[in-house]
Amino acid sequence: MKLSVAVLLFSILQYTSGQPDSRGFISIDCGIPENSSYQDLTSTIIYVSDHGFISSGENSNISSDYISPSLAQRYYNVRFFLDGTRNCYTLRSLVAGNKYFVRAAFYYANYDGLNKLPVFDLYMGATYWNEVKFRDAGSINWMDIIVVAPADYLQVCLVNKGTGTPFISGLDLRPLKSTLYPEANASQSLVLINANRFNMGPTDKSVVRYPLDPHDRIWLTYGAIPTWNEASATSVVRNYLTDPYDVPSAVMQNAATPSNSSIINFSWGPSDQSVNISSRYFFVFYFAELQRVASDELRQFDIIVNNSTWNKKPYTPPYLFADSFSGTVQGQAQNNISLVATKNATLPPILNAMEMYLVKPIDEIATDPGDARAMIAIQEAFGVSKNWMGDPCAPKAFAWEGLDCTDPSTGIPRITALNLSSSGLAGPITTYFGDLKALQYLDLSHNNLSGSIPNYLGQLPFLVFLDLSSNDLRGPIPYILLQKSHNGTLSLRLGNNSNLFGNGTNYGSGPKKMNGALLSVIIIPIVAAIALFVIFTVLLLQTLKEKARRRAADPKDETALLENREFSYRELKHITNNFSLEIGKGGFGAVFLGYLENGNPVAVKIRSESSSQGGKEFLAEAQHLTRIHHKNLVSLIGYCKDKNHFALVYEYMREGNLQDHLRDTSTHKPLTWEQRLQIALDAAQGLEYLHVACKPALIHRDVKSRNILLTTDLGAKIADFGLTKAFSDSETHITTEPAGTMGYLDPEYYRSYRISEKSDVFSFGVVLLELMTGHSPIVPINDSVSIHIGEWVQQYLDQGSIDSIIDSSMGCDYDINSVWKVADLALHCKQEVSRERPTMTDVVAQIKESMELEARRHDLQGTTYHDKCGDGLSYAGERNAFEVEGSVGEISEASPGPAMR
């Protein structure tokens, strides 16, 4: 079917400006001339030039030896990249947060005449996608990824790693509904493995893609298997309304069954060196009955994954409805899936289609979208020819020259410095500089910039240095810049701009006059400001000292400061009623309940020392801790160092500690799984703040369920952070003896006495296991034998049994996939070697994913239930769709697909 001339022209005009077409499709033939396009006669898709999507690279035709009548036109040519480590396509006009399917296609065909197969890397934005390599010069390699767009654009990057010149034949983008492929989300993408998306028969059927598949997925025919029978139907196979994969009828109308047996087997091993035990594979099997089964016949089978039956009851495919079974498995040495007929079955198992994906965590934090958009626009406005391709800040190895970015471990990277000195910039200063809201340092000197200085540069909130010298700028200097220069908050350099003036000063008179102007305009005000600041500080300290003296004389003074407060021992006796109510006891001493002057309750942790050893260090650390504030950290209100008395005063947490809530269900209502996940997230965020936001990082050293305190609404806060250091004179990460609690103590730290953030991660992994199981870190096996909770959990998980370890007080009110995910995360946290453990930032992200799975269970339409706890499956309404996420792992690549028997 041919499109009308009007529609064709409309589509071409859209693509000329790099926009998706009316369906949201972007279809690029890489390497055809600028502004050219054509319609593929088979798919009816219009392919356009990559002009407007990329600004680097060269075009080339493939060798005529590799052109055949069946070869699609988009493979006749390539774009290759001799220069630069990273070259990127930018796919614009998308919707941030929406889901997209992207395909990159490669056909070497000796385009360069070297007859040498290249190997290079492919990235989706800042995250590694896959390695591109070829079996031979005549093989087509195409790769699919399902991704959630973090911004209103996506970038596909080819990276040269010294093993051949990167090239590309085609690039496609297709929008997906948010309900499709729910396993792809903001924290992970799905990468199709070795084109493993198969229609199971018949073998003579052509490839299924658009328009038969509205999402333009390519469904290959698996190939003839001698021991299989082919089945087909002409009737339409429909999808359920809640179907999460929307497989096309043209695929489901075909199927395969074993001819001489009652079993279908699949097996696969690791696909490449990047796959390891922590990797995950996601697979979907599609089933539909294509023939009316007689009343005395039965097609019924079990779905067995790695020797564990994953269906809670024998499965029978629905007639002419597409059903699916999906799951996630671990990237171990070998994975096996079997479809096995039950003893009551009279018909063999049936399989219509399958897909296999590698789960790719978004392990690189991309640059803030606003900053990235601004930098892309600046690059396009001035044609900067440095390595300015892809994400500006990430990965760090490919960061743009001339940029400084904040550390991704502290959050989303922001651009703080931009040095474009002597970069050949010409024309007016673009407005996009004003979009870099975190910018502190901007150097545009020694260019050919013209026009006036825009006001918005003075409105950048953090800008402290601006160098516009040696340009051709003219007109008045914005008042806001002069004002900031005068008050010392901005170092401003404007020399050698002959037509620039401001405050009676001409800035084109040479270096000597410029230096004099700077002396009067900048340095003198700075000195004056410093003098005023010193005077103000002295007066403030005197005022605070007088208030502290009055407060000590009158403990009931309600104007007393409630933060960073230094208490006398006499005050502590007063607010605790002479230490009358002890509410706890720990390694550092007893804890007493007290009340401040305004009636607020506090917890007073006392340690009485016979000597003042370490007193100076305690005072410095305690004062530091009072300045650390986070919603998931117990607030340290003040401290006491009075002669030999040491104490810390905290906010009082009315619901006590997590350990009591997990162990003592007689006085505490059992926690739901949703509540446990929220507690885990709160505590993880508190630890993440200590590790990432505190400079230097603050290591807790004694993470345990007893040090996680709860608010009245069961929010969690970390207690006793910095306590080990506050009550000792240790200033390094090497200790003379390990601090912490047995059962939670990092074995690597115990052996080496070398502490790190990963020691806290280990301890937190134990807390996660407590939340799941309700057990203490040491689990009794019998009267004489006990084992660590990690070993106990691992033993059950190795057997595929998770229901036996889940805290029975939760009943069956949880999403089994969510529990599996937390179990895997906990065991990764307590890896023996610290470098193999995740960071707390990783932990936070994984817990959020587990919360999403639990939330999705509440949001499902229809009936969601468990026949018994821990069967690993969920059943939604009438759909009969089994969805599983077991212990995490991955399916490796095989060619052309998994081994099947």
Side-chain angles (χ1 to χ4, degrees), residues 544-545 547-549 551-553 555 560-597 600-629 633-653 657 690 694 696 698-704 706-709 717-741 755 760:
L544 292 177
K545 185 175 181 180
K547 285 185 177 181
R549 186 190 63 77
R551 185 176 66 225
L561 294 174
L562 297 182
E563 291 185 354
N564 199 18
R565 177 174 172 182
E566 184 173 3
F567 293 84
S568 67
Y569 189 66
R570 174 188 169 195
E571 285 180 289
L572 295 185
K573 292 180 67 175
H574 175 78
I575 66 177
T576 61
N577 193 21
N578 202 26
F579 308 109
S580 60
L581 182 57
E582 183 174 323
I583 58 175
K585 197 172 186 69
F588 298 104
V591 185
F592 299 91
L593 179 63
Y595 292 90
L596 296 178
E597 301 86 342
N600 288 342
V602 291
V604 181
K605 186 179 288 285
I606 293 287
R607 182 186 181 189
S608 297
E609 295 288 340
S610 59
S611 71
S612 60
Q613 182 179 6
K616 181 179 179 181
E617 291 79 9
F618 166 81
L619 186 61
E621 186 65 18
Q623 289 173 335
H624 173 64
L625 292 177
T626 58
R627 293 191 290 270
I628 295 176
H629 297 284
L633 299 177
V634 176
S635 294
L636 179 61
I637 294 171
Y639 56 90
C640 169
K641 182 195 173 297
D642 190 343
K643 297 180 181 178
N644 294 334
H645 298 295
F646 295 77
L648 296 172
V649 181
Y650 292 97
E651 65 172 316
Y652 177 64
M653 304 292 287
N657 64 72
L690 295 177
C694 295
L698 185 58
I699 303 169
H700 191 291
R701 305 179 186 217
D702 195 19
V703 175
K704 55 186 177 183
R706 195 165 187 83
N707 279 340
I708 298 175
L709 305 186
K717 296 190 179 189
I718 296 288
D720 287 356
F721 54 91
L723 195 58
T724 304
K725 192 172 180 182
F727 280 118
S728 71
D729 58 356
S730 172
E731 295 181 354
T732 71
H733 283 189
I734 303 175
T735 59
T736 55
E737 61 180 22
T741 302
I755 192 78
D760 284 352

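From a predicted model like this one, the values you see are computed outputs, not experimental measurements.
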### Message
My understanding is that only residues two or more places apart in sequence, or in another chain, count here; which of them pass ring-ring contact (aromatic ring centres under 6.0 Å, His included) with Tyr595?
### Response
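Expected list: none.
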### Task
Going by the side-chain contact (heavy atoms from CB on, under 4.5 Å) test, name the single residue among Val602, Leu593, Val604, Leu581 that passes it with Thr576.
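Per the side-chain contact (heavy atoms from CB on, under 4.5 Å) rule, the option paired with Thr576 is Val604, out of Val602, Leu593, Val604, Leu581.
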I need the [X] [atom1] to [Y] [atom2] distance, nearest 0.5 Å.
X	Y	atom1	atom2	result
Tyr650	Leu633	OH	CG	10.5 Å
Ile718	Ile708	CD1	CD1	4.5 Å
Tyr569	Asn644	OH	CG	11.0 Å
Lys605	Leu636	NZ	CG	11.0 Å
Met653	Ile583	CE	CD1	11.5 Å
Leu648	Lys641	CG	NZ	13.0 Å

### Message
Does Asn707 form a side chain to side chain contact (heavy atoms under 4.5 Å, CB included) with His700? I'd like the steps, not just the answer.
### Response
CA-CA 10 Å; Asn707 279 340; His700 191 291; 3.8 Å; yes
#### Entry: side chain to side chain donor-acceptor pair (under 3.5 Å) against Ser635, all qualifying residues, sequence neighbours excluded
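Per chain and number, Ser635 pairs via side chain to side chain donor-acceptor pair (under 3.5 Å) with Glu651.
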### Message
Quick check against the 3.5 Å criterion: does Asp642 have a side-chain atom that pairs as donor or acceptor with the backbone of Phe567?
### Response
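Flag not set: sc Asp642 to bb Phe567 has no pair under 3.5 Å.
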### Query
Does Asn577 use its side chain to pair, donor to acceptor, with the backbone of Gly594 at less than 3.5 Å?
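No; zero donor-acceptor contacts below 3.5 Å.
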### Query
Are any non-hydrogen side-chain atoms of Asp702 and Asp720 less than 4.5 angstrom apart?
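In short, these two side chains do not touch, never coming nearer than 4.5 Å.
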### Task
For Glu571 and Arg565, run side chain to side chain contact (heavy atoms under 4.5 Å, CB included): C-alpha distance rounded to whole Å, both residues' side-chain angles, the deciding distance at 0.1 Å, then the answer.
CA-CA 11 Å; Glu571 285 180 289; Arg565 177 174 172 182; 3.1 Å; yes
### Query
Nearest heavy-atom pair of Ser568 and Cys640: which atoms, and what distance?
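Closest approach of Ser568 to Cys640: C-SG, 3.9 Å.
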